[in-house]
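Quick notes on the structure that follows.
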Amino acid sequence: MTVTLLGATEIRRLAAELDVTPTKKLGQNFVTDANTVRKIVQAARVQPSERVVEVGPGLGSLTLAILETGASVTAVEIDHRLAARLAETAAAHGVEAERLTVVDADALRITELPGEPTVLVANLPYNVSVPVLLHFLESFPYLQRGVVMVQAEVAERLAAEPGSKIYGSPSVKAAWYGEWKLSGTVSRQVFWPVPNVDSLLVGFDRSEGGRGTEEERRRTFRIVDAAFNQRRKMLRQALSGIFGSSAAASEVLIAAGVAPTARGEDLTVEDYHRIAQQAAASDVLDDDVASPSNLAP
């Protein structure tokens with residue numbers, strides 16, 4: 001049976017039936033254009049045999065576009081009304097029951113994904129897009145690639161290169177897991193309600209073999225946070241708080257091959273990783289507190 005997609009009229013009808021009013025609190029902006037959801041799926045290179053995880057499926061417009069390819073979907077939805085209705089909507093549009101698994105949960109708290117999906121495709125709520133991405137990349141190593149639609153500013157920061165003004169903590173933390181690139185533009189007019197910000201598609205491919213241990217990641221992320229919390233300062237000053245002094249910070253930086261006078265925005269993720277490794281070797285960073293939250297903006 002052919003899978004059909006939702007149209008703008010049906011989306012509004014479903015919302016009315018469920019008494020759902022899109023809210024800023026949950027970052028709900030439903031996509032009403034079939035060409036747009038197909039564009040997202042195409043950018044993610046979804047194949048029929050794959051299992052995809054979608055965060056925040058809402059009323060199901062992007063979900064159906066993923067299922068249209070023949071792939072299976074694990075959909076994580078925090079709104080109980082939407083989670084309860086999604087399977088019914090999918091069945092009405094030609095989807096076999098076994099190809100859709102709905103998880104009624106907060107994406108920031110989930111620790112298991114049925115089917116171990118390898119691809120992430122989502123229209124992410126603007127207010128939690130970076131925390132969700134970092135949580136999923138940390139928690140689910142079987143995720144190999146993905147494309148998400150986020151606020152344009154967030155997409156640009158995730159894909160930013162060292163040395164640019166928009167390069168920051170999210171850029172480095174995202175790069176820990178793999179390569180990121182902008183994958184397309186999205187008109188405001190395809191959303192209901194129309195948001196007051198622009199959106200972009202940003203995609204990632206996870207690095208083969210991983211970058212380091214979990215302990216190294218936690219230590220590296222703590223150093224990244226310290227560097228960008230005082231991004232106008234030289235690294236020897238910005239890192240003095242976590243290393244004990246500017247002199248200790250300079251010693252670690254020099255040993256790691258990084259100029260103490262550099263600033264956080266000048267460094268690659270490889271540079272930060274080397275600093276973390278050197279800090280561990282020099283025993284200047286307390287491991288008991290070397291556990292930054294992945295929820296840092």
Side-chain angles (χ1 to χ4, degrees), residues 1-7 10-11 14 18 28 30-125 128-129 132-150 177-178 183-184 201-206 208:
M1 187 173 178
T2 302
V3 175
T4 57
L5 304 190
L6 289 173
E10 187 175 3
I11 287 172
L14 281 170
L18 296 172
Q28 291 172 323
F30 301 129
V31 180
T32 60
D33 178 64
N35 289 330
T36 298
V37 290
R38 284 183 172 131
K39 175 181 177 180
I40 297 170
V41 174
Q42 184 177 19
R45 312 189 304 277
V46 176
Q47 302 300 312
S49 60
E50 293 181 307
R51 177 166 284 276
V52 177
V53 60
E54 181 189 5
V55 177
L59 294 166
S61 30
L62 179 56
T63 314
L64 291 172
I66 301 168
L67 291 163
E68 184 184 39
T69 69
S72 299
V73 173
T74 297
V76 182
E77 176 58 62
I78 192 173
D79 188 313
H80 305 308
R81 296 166 299 173
L82 296 174
R85 182 58 179 266
L86 187 58
E88 181 182 338
T89 300
H93 283 261
V95 177
E96 301 92 339
E98 64 272 14
R99 291 209 290 124
L100 174 63
T101 303
V102 181
V103 180
D104 185 344
D106 183 346
L108 285 171
R109 298 181 181 278
I110 194 169
T111 57
E112 295 181 2
L113 288 175
E116 297 194 352
T118 57
V119 186
L120 170 64
V121 180
N123 167 22
L124 288 177
V128 293
S129 53
V132 166
L133 281 170
L134 293 178
H135 172 64
F136 269 57
L137 287 165
E138 176 193 342
S139 303
F140 311 120
Y142 39 79
L143 284 175
Q144 294 303 305
R145 71 177 191 279
V147 169
V148 295
M149 180 162 56
V150 294
Y177 299 103
S183 303
L201 302 181
V202 62
F204 71 89
D205 285 280
R206 189 185 287 268
E208 292 186 13

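Side chains are part of it too, since the values below use all heavy atoms of this structure and drop only hydrogens, waters and symmetry mates.
In terms of heavy-atom proximity, Ala44 sits nearest to Val119 at O-CG1, 4.4 Å. Minimum interatomic distance between Gly58 and Leu86 (heavy atoms only, all atoms of both residues): O-CD1, 4.4 Å. Among all heavy-atom pairs drawn from Ala105 and Val76, the shortest one is O-CG1, 3.7 Å. Arg99 and Glu96 get closest at one heavy-atom pair: NE-OE1, 2.9 Å. In plain terms, the two heavy atoms of Ala107 and Val55 that are nearest each other are CB-CG1, 3.6 Å. Heavy-atom minimum distance, Leu100 versus Ala75: CD1-CB, 4.3 Å.
Side-chain contact between Leu59 and Arg85: absent, with no pair of heavy atoms (C-beta onward) separated by less than 4.5 Å. For the pair Val103/Pro114, a side-chain contact is recorded, criterion being any heavy-atom separation below 4.5 Å from C-beta on. A heavy-atom distance below 4.5 Å is not found between the side chains of Tyr177 and Leu143. When side chains are defined from C-beta on, Asn123 does not count as touching Ile40, because their heavy atoms never get closer than 4.5 Å. Within the 4.5 Å cutoff, no side-chain heavy atoms of Ser183 are placed close to those of Val202. In this structure the side chain of Val132 reaches within 4.5 angstrom of the side chain of Leu108, judged on heavy atoms. The side-chain heavy atoms of Lys39 and Asn35, taken from C-beta on, include no pair separated by under 4.5 Å. With a 4.5 Å cut-off on side-chain heavy atoms, Phe204 and Leu137 count as touching.
Remark: Arg38 pairs with Leu5, Ala34, Glu68 by the side-chain contact (heavy atoms from CB on, under 4.5 Å) rule, at least two apart or across chains. With sequence neighbours excluded, the residues forming a side-chain hydrogen bond (donor to acceptor under 3.5 Å, both in side chains) with Thr36 are Asp33, listed by chain and number. With sequence neighbours excluded, the residues that form a side-chain contact (heavy atoms from CB on, under 4.5 Å) with Ala83 are Glu77, Val102, Asp104. By the side-chain contact (heavy atoms from CB on, under 4.5 Å) test, Pro141 pairs with no residue at all, sequence neighbours left out. For Thr63, the side-chain hydrogen bond (donor to acceptor under 3.5 Å, both in side chains) partners at least two apart in sequence or on another chain are Glu54.
Side-chain contact annotation: Thr118 with Arg145, donor-acceptor N/O pair under 3.5 Å absent. Residues Glu88 and His93 bring no donor and acceptor atom of their side chains to less than 3.5 Å of each other.
Considering Leu6, Val31, Val41, Val73 in turn, Val41 is the only one that fulfils the side chain to side chain contact (heavy atoms under 4.5 Å, CB included) rule with Leu62. For the side chain to side chain contact (heavy atoms under 4.5 Å, CB included) test with Val52, the passing option among Val46, Leu67, Leu120 is Val46; the others fail. With Val3 as the partner, the side chain to side chain contact (heavy atoms under 4.5 Å, CB included) test is satisfied by one option alone out of Leu64, Ile66, Thr69: Leu64.
Sorted by first and then second residue, the salt bridge (Lys or Arg N to Asp or Glu O under 4.0 Å) pairs involving residues 109-124 (not counting sequence neighbours) are Asp106-Arg109.
Interatomic distance, Leu124 CG to Phe136 CZ, rounded to the nearest 0.5 Å: 8.5 Å.
Of the possible donor and acceptor atoms, one in the side chain of His135 sits under 3.5 Å from a partner among the backbone N and O of Ile110.
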Item to complete: Any chance you could lay out the side chain to side chain contact (heavy atoms under 4.5 Å, CB included) test for Thr111 and Ser139, step after step, and finish with the verdict?
Response: CA-CA 7 Å; Thr111 57; Ser139 303; 6.0 Å; no
